[in-house]
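Letters go in sequence order (proteins before strands), and every chain restarts at 1.
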2 protein chains.
Amino acid sequence: MATIKDVARRAQVSTATVSYVLNGTGVVSDTTRERVLAAVAELGYQPNYSARALRTRSHTLGVVAPGIAGRLADPATAEILAGLSEAATAAGYCLLIAAPTDSEAEGELDLRLARSGRVDGLVLFDLRVADERPAVLAEARIPAIAIGAPATGVTCPIAGFDLRAGAEQATQHLIRLGHRRIALLATSSDLSISEPFYAGYVAALHAAGLRRDATLVIEAGSSEDDGMAAMQELLAVRTPPTAVLAATDTLAFGAMHALRDSGKVVGQDVSVVGCDDLPLAAHTYPPLTTLRAPRRELGATLARHLISLIERRTVPPVTLLPVRLIVRHSTAAPRAAG
Amino acid sequence: MATIKDVARRAQVSTATVSYVLNGTGVVSDTTRERVLAAVAELGYQPNYSARALRTRSHTLGVVAPGIAGRLADPATAEILAGLSEAATAAGYCLLIAAPTDSEAEGELDLRLARSGRVDGLVLFDLRVADERPAVLAEARIPAIAIGAPATGVTCPIAGFDLRAGAEQATQHLIRLGHRRIALLATSSDLSISEPFYAGYVAALHAAGLRRDATLVIEAGSSEDDGMAAMQELLAVRTPPTAVLAATDTLAFGAMHALRDSGKVVGQDVSVVGCDDLPLAAHTYPPLTTLRAPRRELGATLARHLISLIERRTVPPVTLLPVRLIVRHSTAAPRAAG
DNA sequence: TTTAAGCGGTTAATCGGTTAAGTGGACTAT
DNA sequence: ATAGTCCACTTAACCGATTAACCGCTTAAA
């Protein structure tokens, strides 16, 4: 592999000049520039990444996500990653993905990657309510941005979806259809996003003069199976709900499965609303009414903001992308109120 | 940030000794080793990645995948990535993800990442039939492994699923149920995996004394919408199929949607078999009979093999992981043959 | 005419590690 | 007593870039 010295020799200049030409820094005459570029082309020269990174920055954004039973395997994550990756590459950065192991937990991995200079900054998935990661990274002066919702004591910028407005809008939709007993399949209350989602749900109920029924709020996990189990639980309540708002499409899919198993017709008997609008949501039976979350756009926003932080520009502390209700066929007026 | 010099000074040794201790190379007395380790701990020393990589290797595996409308956003990919990432991290490697752009195509990006030493090797997703990537990389002596099926002229190791056996098994299943007109929703014929899938389908038909009907073989794309469109096409045929084998679950989901739209009951009227066994497949209506592909395991295999190549060990040219038919409720005996 | 600034380069220090070669002292074999 | 081996380190070259400092020359400003 040709090095900068080979190029310099062939172009009869010093390595400094080659560097200046390639980086557009410094002043170089046109004829010299051309000689250098010709040498670069002839040798097929490619600057060594590690050498450059040693002097400058790594130009890499880090993502630490558990592979197993975790974020990485989630279809919604995939699209955020796609957006991240595209925006990062467009800005001259790459995306590094690492998985925590038994011997190295998420937080330690975050620190190691950043402190070893392997990444210039980190994207934190699934911000939790009392997440220590932002504080730890902030103390070490490591640029970071979290995906989620504002949580107390979080010291790094946050980007996410406006789930409060979304949940409110979705709940309103159900109320307008005539539903009065509306259940909530929430994600783990550890997650920062669970709070605004719940708040939006409650706000819509209150605005309509409805009371929240604690038995209709279930903290489900995240998988289809979790959604299914939660729905079964709801069906066993004295007066089951006529509508369900699920915090993710995946939970909604599980809920729909449980409803069908118990002989209910989704839409006719019980309405279901999801959140994410996975590509699949349009193709389930019935097609799912859901909140469309612009995941690619979130990915791109994360990349842009993180790069801004790395390059010492400022970014808004909180960026919430709007979600929009997509009405399909999993929601309808309740039977009795028909 | 502390450097190796700081550690050396504090432990009263040379930087070489520190390096020997940290890497387990060289001979160092126990007392010195302890002094060094103590200094490391006290300073919170973390070796600089770029400096190390400059002398040795990058310890990074590369994945080049188009973000938009591409591989990265696919739920099946996500799990392969999860497996890759976990196995890579466990072996001391990381995963780098980059997206091609308008100005830099996939192949160029592959080359740049490898030739700049940013990655030690590459995982090639979606091996195509006449894919030039393996040859280009082989010529540049860049370790690479492709995901797909053996294709003519491919000069790098390949790992994938045994789709030929899988498709055969799935087709057999449909034949045993009594189906005679079995359609195939194939992926793009550009992809290397389309060939074995088709071959397995045809082999099962022939073994049962059935003839392949060209009108029942449709080259669909990859999205749910593609599956839906293809199914609509099949429904318009003079004698529509009573069963459909789809090359991916995603295509199958689309096909089921089209069937429902045209008033057919999936399973009762038309059987559908998918391939992948996405987590969702168990929760659709009806739950999808499908070929389970061990995606995480494939990811882990890819990582292990690629690392072997990087470290100059040999790997089998072709590794096909077995797939297994999971029978759910989207397949049943055809109406007439009840 | 003298001074300062600008141009188009070069030299060499530097980033932070790895590792081949060398070195001094203790110990063993002859 | 002398030479040869280890042992446990150290020295210093090296990986391949970036970049501050400098240099000789020309040209414009005072």
Would you indicate what B:V18 reaches in the nucleic acid, counting non-hydrogen atoms under 4.0 angstrom: base, sugar-phosphate, or nothing?
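It contacts nothing in the nucleic acid.
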If I take atom [atom1] in residue [X] and atom [atom2] in nucleotide [N], what distance separates them, rounded to the nearest angstrom?
{"X": "A:H59", "N": "D:dA17", "atom1": "NE2", "atom2": "C1'", "result": "12 Å"}
{"X": "B:R115", "N": "D:dG16", "atom1": "CZ", "atom2": "P", "result": "14 Å"}
{"X": "A:Y49", "N": "D:dA17", "atom1": "OH", "atom2": "P", "result": "14 Å"}
{"X": "B:R33", "N": "D:dC9", "atom1": "CZ", "atom2": "C1'", "result": "13 Å"}
{"X": "B:L43", "N": "C:dG16", "atom1": "CG", "atom2": "P", "result": "14 Å"}
{"X": "B:R57", "N": "C:dG17", "atom1": "CZ", "atom2": "C1'", "result": "16 Å"}
{"X": "B:I4", "N": "C:dC15", "atom1": "CD1", "atom2": "C1'", "result": "13 Å"}
{"X": "A:R52", "N": "C:dG17", "atom1": "CZ", "atom2": "P", "result": "21 Å"}

Hey, is the side chain of [X] poking within less than 4.0 Å of OP1 or OP2 on [N], counting only N and O atoms?
{"X": "B:N23", "N": "C:dT18", "result": "yes"}
{"X": "A:S19", "N": "D:dT18", "result": "yes"}
{"X": "A:T17", "N": "C:dT10", "result": "yes"}
{"X": "A:S29", "N": "C:dG9", "result": "yes"}
{"X": "A:S50", "N": "D:dC15", "result": "no"}
{"X": "B:S14", "N": "D:dT10", "result": "yes"}

Please walk me through it: do B:T17 and B:R33 pass side-chain hydrogen bond (donor to acceptor under 3.5 Å, both in side chains)?
CA-CA 8 Å; B:T17 302; B:R33 177 189 318 283; over 6 Å; no
Does any non-hydrogen side-chain atom of B:L122 lie less than 4.5 Å from one of B:R133?
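No, every pair of side-chain atoms sits at 4.5 Å or beyond.
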Decide salt bridge (Lys or Arg N to Asp or Glu O under 4.0 Å) for B:D190 and B:R128; before the verdict, give the C-alpha distance in whole Å, the side-chain angles of both, and the deciding distance to 0.1 Å.
CA-CA 5 Å; B:D190 277 357; B:R128 292 179 289 272; over 6 Å; no
Reading DNA chain C from 5' onward, which residue's closest nucleotide shows up sooner: B:R55 or A:V27?
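Nearest nucleotide further toward 5': that of A:V27.
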Going from CZ on B:R71 to CD1 on B:I80, what distance comes out if it is rounded to the nearest 0.5 angstrom?
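With rounding to 0.5 Å, CZ (B:R71) is 6.5 Å from CD1 (B:I80).
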Under 3.5 Å side-chain donor-acceptor pair for B:Y49 and A:R112
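Per modelled atom types, B:Y49 and A:R112 side chains form no pair under 3.5 Å.
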For a quick check, tell me whether the side chain of A:Y20 and the base of D:dA17 share a donor-acceptor pair closer than 3.5 Å.
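There is none.
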Which listed nucleotide ([options]) is nearest to the side chain of [X]?
{"X": "A:P47", "options": "D:dA20, D:dA17, D:dT10", "value": "D:dA17"}
{"X": "A:L54", "options": "C:dT19, D:dG16, C:dT10", "value": "D:dG16"}
{"X": "A:Y45", "options": "D:dC9, C:dG9, D:dA17", "value": "D:dA17"}

